[in-house]
Amino acid sequence: MHISEGVLSGPVLAAGAVIAVAGTSLGLKKIEYDRIVHVAILASAFFVASLIHVNIGPASVHLILNGIVGLLLGVAAFPAILTALLLQSVFFQYGGLTALGVNVVVMAVPAVLSHYLFLPLLGKSSTLNFTAGFLAGLFSILFSSLLLGAALWFTNHNFFETSFAIIMAHIPVMIIEGIITGFCVTFFLKVYPEIIPLRKK
Amino acid sequence: MNNISSIIKLKDITYFYPGSTKKVLDHLDLEINPGDRIGMMAPNGSGKTTLLHTIMGLCKPASGTIAIFGKVLTQERDFLPVRSKIGLLFQDSDDQLFCPTVLDDVAFGPLNLGFSQKDAGDIARNTLEKLGILSFEHSITHRLSGGQKRLVALAAVLAMAPEVLLLDEPTAGLDNTVKNTLIHILNGLDISYFVISHEFDFVKAVTDKIYSMENGRILTDNDIHIHRHEHVHKYGKQPHSHK
Amino acid sequence: MNNISSIIKLKDITYFYPGSTKKVLDHLDLEINPGDRIGMMAPNGSGKTTLLHTIMGLCKPASGTIAIFGKVLTQERDFLPVRSKIGLLFQDSDDQLFCPTVLDDVAFGPLNLGFSQKDAGDIARNTLEKLGILSFEHSITHRLSGGQKRLVALAAVLAMAPEVLLLDEPTAGLDNTVKNTLIHILNGLDISYFVISHEFDFVKAVTDKIYSMENGRILTDNDIHIHRHEHVHKYGKQPHSHK
Amino acid sequence: MIEEKFASGQSLIHQLDPKIRILTSIVLSVATALCDHLYLAGIYFLISIGLILMAGLNGMDVLKRLKPLFWFLLMIWIILPLSFDGETMVRLYGLKLTAPGVILCCKITIKSITILLIFTALIATMTIASLGNGLHRIHVPDKMVFLLLMSYRYISVIESEYKRLLRAAKFRGFTPKTNLHSYKTYAYLAGMLFVRASVRAERVYQAMLCRGFNQKFHTLDVYPSNRLNSKFLTGISVASLSLVIIEIFWV
Ligand SMILES: Nc1ncnc2c1ncn2[C@@H]1O[C@H](COP(=O)(O)OP(=O)(O)OP(=O)(O)O)[C@@H](O)[C@H]1O
Ligand SMILES: Nc1ncnc2c1ncn2[C@@H]1O[C@H](COP(=O)(O)OP(=O)(O)OP(=O)(O)O)[C@@H](O)[C@H]1O
Ligand SMILES: [Mg+2]
Ligand SMILES: [Mg+2]
């Protein structure tokens with residue numbers, strides 16, 4: 001999910017860049033040297049996961065999975081998502097440099113929030129695990145599309161219909177991301193719980 | 001008529017990887033007939049894995065024909081039904097096992113073939129039993145050791161009741177006990193197979209003929225007689241029959 | 001005094017993986033002396049990789065002492081200087097080659113040792129030359145073939161001028177030509193090494209003694225005499241010396 | 001799939017220092033993004049075309065890379081002219097096209113293409129290794145540069161792991177559909193990717209420790225300073241600055 005270059009106004013781009021830089025510096029500060037490889041390689045996995053296409057009726061959508069990145073990395077999701085988006089720009093030309101900040105914010109802020117909202121629910125019962133994962137996936141996409149809509153709306157109030165269309169178009173994606181994130185979280189807890197940074201207390 | 005009797009028949013296959021001009025397969029011919037137990041020993045990068053992927057329709061050759069069970073296959077959709085009848089064991093088992101538990105993984109194929117949950121579970125358990133690894137049933141696949149993963153991957157392939165097996169370096173990284181188990185299992189199967197390996201002793205133990213590859217073509221037993229001889233001496237200590 | 005003469009001396013090492021109760025290493029003893037060329041052949045999952053990681057201080061044992069170059073090491077910071085003097089070749093080269101180009105990768109170690117950019121580059125180039133792969137200098141590491149990656153990983157380890165080499169299955173998946181290159185390189189080295197492999201012929205060609213592992217302990221040459229004998233027969237065709 | 005198609009070349013642009021290329025692309029892209037005048041945006045567009053020509057890139061390849069953008073632009077052209085407030089240009093079957101809507105669409109189209117072309121000409125023409133080097137020398141924190149290089153290094157490893165997993169699933173009769181079994185299978189595939197990424201990360205870190213890693217990142221290649229570099233940076237900066245001044249004072 002991103003916004004193209006050349007659309008947003010100066011103040012919105014600047015706000016995006018400032019928040020992205022702040023989040024990224026905070027994230028980098030939080031990553032200890034012995035975790036940095038972990039963050040880097042999870043960023044690669046996030047990049048690759050976005051190449052996965054799932055069917056939805058006759059069409060197909062690619063996965064986003066920023067909810068999972070948030071759950072696994074917390075604030076470190078900022079630098080991880082920035083890395084993945086920058087590499088995407090280089091390889092696939094999804095974006096340039098000026099909207100990078102806004103795009104990072106659109107993906108990373110919901111990711112970090114779902115870390116704090118849904119991680120505490122994990123590890124109690126298997127139904128709750130799936131539900132928490134489902135909500136994390138759904139919420140991340142919902143919030144991301146709201147942020148994207150807001151960025152457009154702040155640029156020009158005439159973008160209202162466009163924003164609305166974007167949010168509506170993402171409803172099926174929210175549901176699919178919810179289901180996939182739910183199954184993924186149960187998969188992690190069964191197969192490799194070490195990957196989830198559960199509070200040890 | 002001859003076509004119908006052979007399981008897999010490649011004729012005049014030429015293959016390039018996209019963006020490269022090197023012919024990995026160069027006017028290659030290969031025939032696998034019912035009852036064949038063929039070994040393949042060739043250097044790294046000679047195109048062995050590519051050959052198996054071509055048979056499965058994953059690499060689309062630039063020229064030549066692929067006939068499987070007597071039918072010439074050209075398009076992606078021709079290959080779909082055939083793929084579940086050919087059991088390919090990948091070079092790395094980790095690439096093949098993606099479900100949480102061993103049972104889930106082995107039952108995945110039968111489920112896709114349309115078996116009910118219960119039947120798929122039964123098939124999976126039977127296959128595990130036959131390979132002597134039923135005790136792993138509830139283990140988490142990715143925590144198994146290398147040898148155990150290999151056996152589970154083999155179970156996953158066999159659970160689909162394939163009519164021919166293509167094995168890509170099944171023994172790499174395995175200890176001798178697992179190797180012996182594998183030799184035992186393969187010798188007990190009554191379907192044809194084609195095994196890639198770098199290990200002479202293993203290949204000798206499970207196959208009737210040994211092929212090699214050079215410059216994108218297959219060298220059959222007769223062709224490689226001298227070749228094999230030389231390489232065995234270079235390698236040093238293995239005994240070799242000059243049949 | 002005896003301590004000082006041995007390069008690596010493990011005494012009574014016990015190790016559990018976190019969260020598991022199985023003793024992977026169980027009161028294990030091991031001594032590697034200058035000039036030793038030791039092979040290790042043992043089943044999958046017997047703890048070979050864990051043993052090497054324990055020597056490097058990557059797995060912290062529950063009990064026992066690790067003495068390297070005569071000094072007993074207990075804390076993470078004791079291991080720091082020692083790690084660059086022991087060259088560990090990992091089981092999977094992709095884990096070990098993480099820099100963009102081959103030259104960057106081989107120079108990574110020397111740079112960490114405090115060499116200047118220029119000196120580190122020279123050391124790296126020399127090492128590549130010695131292994132006959134200087135032509136890869138500017139290649140992107142992850143585009144190399146399996147065998148090439150193995151040789152680059154070895155170069156990366158040798159560039160740190162280690163005093164002992166620990167090699168974890170250096171030949172898995174390699175063809176006979178690369179295997180022979182490796183045999184040649186190893187036999188030309190004048191430092192001690194400890195090689196894990198599942199291939200008898202390779203181990204025989206590059207080492208003077210063969211150890212094994214069972215129940216978390218090392219079995220030395222004498223212990224495994226009968227053992228090896230039996231296994232070789234089971235395995236079938238390899239010749240074996242009953243020295 | 002993942003290839004650095006434009007990174008190899010001998011053009012003038014390819015010879016420039018990565019640091020200079022990063023700086024100029026930032027200056028130019030920001031100036032373009034802030035420009036709110038159709039004709040001036042056209043000038044930036046011409047500059048970006050000039051850069052593409054200087055980089056000697058194949059026109060078809062460049063167009064192919066713009067494909068995702070074209071879909072977005074198509075959507076904009078469908079929604080915006082109809083939904084925008086303002087003076088009506090044409091009326092069709094009760095729908096009205098507004099002039100400000102059409103003009104905005106033109107501006108967005110030109111600006112977005114321009115910014116992507118600048119990126120393609122200046123950034124996509126270097127390897128990720130040089131990009132890392134350039135970022136390091138404009139004082140992007142070491143940890144960030146390391147994240148980028150490391151993540152790039154393992155993308156192809158993880159991507160091929162994914163391809164092989166998907167392939168294995170297909171061999172076992174998996175045909176993706178819109179149902180729970182398919183979504184669950186994709187969740188397992190994605191989950192397995194993250195698990196394997198995490199396991200590999202552990203081993204890579206251990207390998208770094210074994211090579212004496214002491215929390216300091218080094219870089220090897222050094223770019224000799226070259227008079228072309230500073231001329232290029234100055235030229236582009238002056239051009240953008242004058243366009244910005246023109247926009248503020250004369251338009
Ligand atoms: N995706 C690819 N793109 C381009 N070239 C490739 C690709 N995969 C393999 N090759 C090249 O094709 C040749 C054959 O590769 P293949 O994997 O079939 O070899 P192999 O015989 O299976 O080797 P190994 O014993 O190492 O498994 C090699 O030279 C390799 O470099
Ligand atoms: N991270 C881990 N957590 C828990 N158990 C582990 C872990 N890694 C390995 N083990 C277990 O420890 C034992 C020894 O593993 P190790 O990797 O040392 O075996 P190995 O001798 O190197 O085998 P191989 O020949 O397959 O490489 C195995 O039984 C394995 O299941
Ligand atoms: Mg292969
Ligand atoms: Mg091991």
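Quick note on labels: first sequence line is chain A, next is B, and so on, each numbered from 1.
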Evaluate side chain to side chain contact (heavy atoms under 4.5 Å, CB included) for D/R167 paired with B/M56, printing each intermediate quantity in order.
-> CA-CA 10 Å; D/R167 196 173 265 184; B/M56 294 302 266; over 6 Å; no
Evaluate the side-chain proximity of B/R83 to D/R172: yes if any heavy-atom separation is below 4.5 Å, no if none is.
-> no
Within-4.5 Å side-chain heavy-atom neighbours: B/S84 and D/F171 = no
All heavy atoms of D/G173 vs all of B/N112, minimum pair found to be O-CB, 3.2 Å
Please round to the nearest 0.5 Å and tell me the distance separating atom [atom1] of [X] and atom [atom2] of [Y].
X      : Y      : atom1 : atom2 : result
B/F98  : D/L193 : CZ    : CG    : 11.5 Å
D/M192 : B/L97  : CE    : CG    : 7.0 Å
B/D92  : D/R164 : CG    : CZ    : 6.0 Å
D/Y188 : B/F108 : OH    : CZ    : 10.0 Å

Please state whether the side chain, the backbone, both or neither of B/L113 comes within less than 4.5 Å of a heavy atom of chain D.
-> neither
So, the part of B/A156 with a heavy atom under 4.5 Å from chain D: the answer is both
If you tally heavy-atom pairs under 4.5 Å between each of B/V157, B/D94, B/L111, B/V82 and chain D, the highest tally belongs to B/D94
Verify the neighbour count for atom [atom1] of [X]: are there more than 12 heavy atoms of other residues, nucleotides or ligands below 6.0 Å?
X      : atom1 : result
D/F72  : CZ    : yes
D/K143 : NZ    : yes
B/K71  : NZ    : no

So which of D/R196, D/E161, D/H181 has the biggest tally of heavy-atom pairs under 4.5 Å with chain B?
-> D/R196
